[in-house]
Amino acid sequence: MLRTHTCGQPDKALIGETITIAGWVHRRRDHGDLTFIDLRDRYGITQVVASASGEPAHAALAAVRSEWVLQIEGRVRARPEGTRNPKLPTGEVELVAGRVTVLNESKTPPFYVNEETPVDETLRWKYRYVDLRRERSRELMRLRHEVVDHIRRHLVGQGFWEIETTNLIRSDPTGARDFVVPSRYYPGRFWALPQSPQQLKQILMVGGVDKYFQIARCYRDEDPRADRVYEHTQLDVELSFVDPEDVTALLEELYTGIFKKFASKPMRPGAWPRFTYAEAMRRYGSDRPDLRFGLELVDLGDFTSSGLGVFRDAEAVRGLRVPGKADASRREIEAWEQLARRKGAKGLATFAFKGSDVESRVAKFLRPAEISSIGAASGAQPGDLVLAVADSAHVASEALGLIREKMGDELGLADASAHAAAWVVEFPLVERTPEGGWTFAHNPFCAPLADEDLALLDTDPLRARSKQYDMAVDGKELGGGSVRIHRRDVQERVFAQFGVGKEEAALRFGALLDALEYGAPPSGGAGLGIDRLVMTLAGTENIREVQAFPKTQTGFDPLLDAPAEIDPALLKELGLQVVIPTKRT
RNA sequence: GGUCCCGUGGUGCAGCGGCCUAGCAUACGUCCCUGUCAAGGACGAGAUCGCCGGUUCGAAUCCGGUCGGGACCGCCA
């Protein structure tokens, strides 16, 4: 070993001892004949001192520069009275440099390691090895490691097996665009990188594994955003012979423990609130409600004989009371209206309750009774603003839900002192596509909630519920899962709903369907985003910060300078020819 | 595929038609300094303002294009 102690260790107990530490030059303070070096490693910082009298150690310390790598042997001594540094865990002592060895020099770093100033991301990722030495980056890596470690210990302690599934699988056109890898033995064929180990973990259950988990890399070739990138990591779990309640209980215990141990602010105490999808949509206009604030959506009343056409003809007129915003500016309202339109609403009506008056551009089309009903239904007080959307119940709720979400941040309504978790359960089994077809709400393997729900596929598919459950924390989906279909006939019936016939299903999901015929047990599980979890715990919105080697928004890796062209010989071997599309003018 | 914002010494910012011979902080280099811990002091070096083109007597500054980055929409079962 090149060291006997780390830079975080020296304390009073070591006074008088000769030790050797190694690390990076964090800072140098040169007083001429007295020179200090802060030596840094992952564990901490130790002050090293050398005084003149022509010592070689002093000459060595004086010559050293930022980020040089040193090995220093010296004697630990108590710092003189009045020079102790309470800000450092090692601040009671210092190391009197004896033998100083320069293990490596360093160019002047491209940005500061010893300051938490913002730096252009491309530069950070290009020099990630320098960036990782910075405190924030290091602590995020540490947090992520500790969270994953906690998860492993917890699940292993409950009898789970950690099993790695293959990363070269079959491409499936549903869902996100696949990352694809050419096959050399089978020219013209391609592997796909998994978007999640979904089918494989179900197959593990058929194999009798009973309790499985994996810290799994997932890949999708869709345009990156602040909170999503090509590669993310998910905690993938699956158990046999369980109901949704078993899985949510397991995860709730795990996550409550994680938040208790790692979050900078507490989770709201007690069992997590549980909403059906229908209730979450009705009350919050979202399937991942932010419970850090109230501001629930309401039905504004019956307008079936109203003079206002858009209200009369709509399936629902839903409202959101915004306390104290009766004097909202035209600009604010337009911004909210934009959000509503994004969810398909045709417009946004406003009712400003000012004293006994109600100001609204649509007031003249409504009867006084209708206006007072709006006030009563929403509980509006003088000074409040009521936002209303008339549309299908779903569109109206979603539109107001998005506005509500925005309010949480904008108006500072969200309680910043605690995290608020929730379960949303009983998702619909199927949804309408914009083109009028059917698609699955989460994944096509999700079991119907009950026999009647399966039957509803024949009569009223939108009402069919599933055994899907989602975990939401602070209005963000941290993960979700379901109890799976474990019978081939049921799976084929569900596929049929999406227009996937038996033959096509056999082609695309053959292995899983076959497996269902060989004694597949009922099973359930979940996939939970590790990156998002760490982001939530750390309070950052930037997913790249919690990954060790991030790419830019265009998916470029500034560190490895990738993607890159490959050797033509390799292309030939793979049977590939590159045709670069010409840009249209 | 689209919209918006940003690109100025190593880093972070300012300057937004002439006062710029481009300012500030920090880093960097040399020198002084025995108790600092964001050490201090003195001096110094370092930028054709991402790139190309245009407008103008004059462009870091205005316009167009392009490249790079970020945020967002589409997309993301």
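Residue numbers begin at 1 in each chain, while the letters A, B, ... track the order of the sequences.
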Shorter than 3.5 Å, N or O on both sides, protein versus nucleotides 40-45 of chain B: list them out with atom names.
none

Touch class at under 4.0 angstrom, heavy-atom based, for [X] against every strand present:
{"X": "A:Leu123", "value": "sugar-phosphate"}
{"X": "A:Thr83", "value": "base"}
{"X": "A:Glu81", "value": "nothing"}
{"X": "A:Thr35", "value": "nothing"}
{"X": "A:Pro80", "value": "base"}
{"X": "A:Arg77", "value": "base"}

Counting only side-chain nitrogens and oxygens, does [X] get under 4.0 Å of the OP1 or OP2 atom of [N]?
{"X": "A:Arg27", "N": "B:rU36", "result": "no"}
{"X": "A:Ser66", "N": "B:rA27", "result": "no"}
{"X": "A:Lys87", "N": "B:rA38", "result": "yes"}

Any salt bridge linking [X] with [Y]? Criterion: basic side-chain nitrogen under 4.0 Å from a carboxylate oxygen.
{"X": "A:Arg228", "Y": "A:Glu222", "answer": "no"}
{"X": "A:Glu105", "Y": "A:Arg65", "answer": "no"}
{"X": "A:Asp38", "Y": "A:Arg28", "answer": "no"}
{"X": "A:Glu477", "Y": "A:Arg532", "answer": "no"}
{"X": "A:Arg487", "Y": "A:Asp489", "answer": "yes"}
{"X": "A:Arg40", "Y": "A:Glu135", "answer": "no"}
{"X": "A:Arg484", "Y": "A:Glu238", "answer": "yes"}
{"X": "A:Asp470", "Y": "A:Arg288", "answer": "no"}

Practice item. Tell me, please, which residues at least two apart from A:Trp438 pass ring-ring contact (aromatic ring centres under 6.0 Å, His included). Key: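 Listed in chain order: nothing, the list is empty.
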Review point. Ignoring hydrogens and angles, are the base of B:rU26 and the side chain of A:Glu115 linked by a donor-acceptor pair under 3.5 Å?
Key: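 Looking at the base of B:rU26, it does not pair with any donor or acceptor on the side chain of A:Glu115 (distance under 3.5 Å).
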Exercise for review: State whether the distance check finds a donor on one side and an acceptor on the other, under 3.5 Å, for side chain A:Arg79 versus base B:rC37.
Suggested key: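 Answer is yes: a donor-acceptor pair is held.
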Rounded distance in Å between the [atom1] positions of [N] and [M]:
{"N": "B:rG10", "M": "B:rC49", "atom1": "C1'", "answer": "16 Å"}
{"N": "B:rG35", "M": "B:rA60", "atom1": "P", "answer": "49 Å"}
{"N": "B:rC63", "M": "B:rG40", "atom1": "C1'", "answer": "50 Å"}
{"N": "B:rA59", "M": "B:rG54", "atom1": "C1'", "answer": "11 Å"}
{"N": "B:rU36", "M": "B:rU48", "atom1": "P", "answer": "41 Å"}
{"N": "B:rA14", "M": "B:rC76", "atom1": "C1'", "answer": "40 Å"}
{"N": "B:rG68", "M": "B:rG50", "atom1": "P", "answer": "16 Å"}
{"N": "B:rG17", "M": "B:rC62", "atom1": "C1'", "answer": "8 Å"}

Tell me which nucleotide, if any, is Watson-Crick or G-U wobble paired with [N] when both distances must be under 3.5 Å.
{"N": "B:rA27", "value": "none"}
{"N": "B:rA71", "value": "B:rU3"}
{"N": "B:rC20", "value": "none"}
{"N": "B:rA60", "value": "none"}
{"N": "B:rC49", "value": "none"}
{"N": "B:rU55", "value": "none"}

Taking [atom1] from [X] and [atom2] from [N], how many angstroms apart are they, rounded to a whole number?
{"X": "A:Arg28", "N": "B:rG29", "atom1": "CZ", "atom2": "C1'", "result": "11 Å"}
{"X": "A:Glu105", "N": "B:rC28", "atom1": "CD", "atom2": "P", "result": "15 Å"}
{"X": "A:Ile45", "N": "B:rA39", "atom1": "CD1", "atom2": "P", "result": "11 Å"}
{"X": "A:Ile37", "N": "B:rG35", "atom1": "CD1", "atom2": "C1'", "result": "15 Å"}

Practice item. Looking only at side-chain atoms of A:Tyr112, point me to the closest of B:rG10, B:rU30, B:rG35. Key: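 For A:Tyr112, the side-chain atoms sit closest to B:rG10.
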Point to revise | Close aromatic pair by centroid cut-off 6.0 Å: A:Phe495 and A:Phe509 | key: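 Yes, close enough.
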Check your understanding: In the 5'-to-3' direction, what one-character label does each nucleotide of nucleotides 70-77 of chain B receive under the scheme B = base within less than 4.0 Å of a protein heavy atom, S = sugar-phosphate only, - = no such atom?
Key -> BBBBBBBB
Exercise for review: Sort out for me which residue in A:Arg134, A:Arg138, A:Arg136, A:Arg128 forms a salt bridge (charged side-chain N to carboxylate O under 4.0 Å, His left out) with A:Glu545.
Suggested key: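 So, applying the salt bridge (charged side-chain N to carboxylate O under 4.0 Å, His left out) to A:Glu545 and each of A:Arg134, A:Arg138, A:Arg136, A:Arg128, only A:Arg136 qualifies.
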